[in-house]
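Each residue takes its place number in the sequence, starting with 1. No experiment lies behind these values; they were computed from the predicted model shown. Each ligand, and each atom within it, is numbered from 1 in the order the structure gives. Side-chain atoms are counted along with the backbone in the values below, which use heavy atoms only and exclude waters and symmetry mates.
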Amino acid sequence: MSNLVAKIENWIDEVLESHCEQMVPCKPFASYFDGYFSEKFLANCFYVVAPELPKPDFPELRDAGFGSFIDDDHAGITYKNCYFIKAEQEDNLYLHLHELVHVSQWHILGAEKFIATYMDELLKYGYEDAPLEQMAKAFEYNYATQADPVNVIDALRDELT
Ligand SMILES: [Zn+2]
């Protein structure tokens with residue numbers, strides 16, 4: 001499994017490198033996400049608008065049961081401090097917030113642990129019920145209902161460490 005995680009991380013680094021010119025800074029979201037993410041944190045977050053969300057389509061991932069995750073159409077996907085979304089979602093603040101929660105998870109867990117945990121959860125719970133997805137949805141809900149803002153990094157540090 002650890003070889004596979006390393007292979008995915010290498011693939012991610014190549015994807016990020018090949019999209020660096022299309023990366024849009026998230027810092028302008030600071031006023032929308034006040035209380036959720038600091039300006040300092042957002043200054044190191046980026047997104048890319050892509051016609052297809054890049055996913056690692058390795059035969060060994062399909063053999064291990066990740067075929068439906070690879071084939072399913074998702075609204076966004078986060079790799080390290082950068083997430084990929086489709087053009088029609090670019091104005092969807094809930095999705096930006098959701099993906100920024102994933103950036104926070106990557107940041108707190110580190111790449112290797114994020115990838116391994118996310119894969120375990122996909123197999124054990126499925127995409128919808130995966131705890132890392134549930135956390136992102138909970139913040140999305142909090143934001144949508146205009147509840148008091150919760151600092152995402154602080155809250156996740158408590159939850160994940
Ligand atoms: Zn998600």
Side-chain angles (χ1 to χ4, degrees), residues 4-5 8-9 11-13 15-16 19 22-27 29-30 32-33 35-38 41-42 44-58 61-62 64-147 149-161:
L4 190 50
V5 169
I8 292 168
E9 192 183 356
W11 175 88
I12 287 171
D13 288 340
V15 167
L16 295 178
H19 288 84
Q22 288 119 279
M23 286 186 190
V24 182
C26 294
K27 205 175 171 187
F29 292 129
Y32 295 105
F33 298 145
Y36 287 91
F37 301 103
S38 69
F41 178 78
L42 291 175
N44 198 34
C45 302
F46 302 88
Y47 72 91
V48 171
V49 175
E52 294 288 335
L53 305 182
K55 288 182 196 162
D57 192 355
F58 308 148
L61 280 175
R62 291 188 178 275
F66 296 101
S68 64
F69 178 79
I70 294 167
D71 295 331
D72 282 352
D73 194 23
H74 296 123
I77 193 157
T78 300
Y79 297 122
K80 299 189 171 182
N81 64 338
C82 181
Y83 53 92
F84 292 76
I85 55 174
K86 295 190 178 173
E88 64 266 27
Q89 298 283 358
E90 201 176 359
D91 295 329
N92 182 348
L93 279 177
Y94 304 111
L95 181 64
H96 284 281
L97 182 113
H98 179 109
E99 300 304 327
L100 285 165
V101 174
H102 288 317
V103 173
S104 308
Q105 293 166 338
W106 278 92
H107 177 75
I108 291 167
L109 292 173
E112 205 181 313
K113 195 158 178 210
F114 179 93
I115 296 167
T117 306
Y118 197 86
M119 289 169 75
D120 281 348
E121 291 184 0
L122 278 181
L123 294 181
K124 204 165 160 192
Y125 304 97
Y127 175 72
E128 292 294 335
D129 296 323
L132 289 169
E133 285 302 334
Q134 291 291 325
M135 286 173 213
K137 283 183 215 166
F139 286 108
E140 222 184 303
Y141 180 78
N142 198 83
Y143 186 69
T145 55
Q146 298 180 306
V150 179
N151 182 286
V152 174
I153 291 279
D154 289 348
L156 288 180
R157 249 192 243 286
D158 289 343
E159 205 161 338
L160 293 171
T161 56

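- In this structure, F29 and H96 have tilted ring planes: the angle between them lies in the 30° to 60° band.
- Under a cut-off of 6.0 angstrom, the local environment of NZ in K86 is crowded, with over 12 non-hydrogen atoms contributed by other residues, nucleotides or ligands.
- Between the Zn ion (ligand 1) and the N, O or S atoms of E133, the shortest distance is to OE1.
- The closest side-chain donor-acceptor pair between H102 and Q105 falls under 3.5 angstrom.
- The angle that H98 NE2 and H102 NE2 make at the Zn ion (ligand 1), rounded to 10°, works out to 100°.
- You'll find the ring centres of Y36 and Y143 inside the 6.0 Å limit.
- At a threshold of 2.8 Å, the Zn ion (ligand 1) has no backbone or side-chain N, O or S atom of H74 nearer than that distance.
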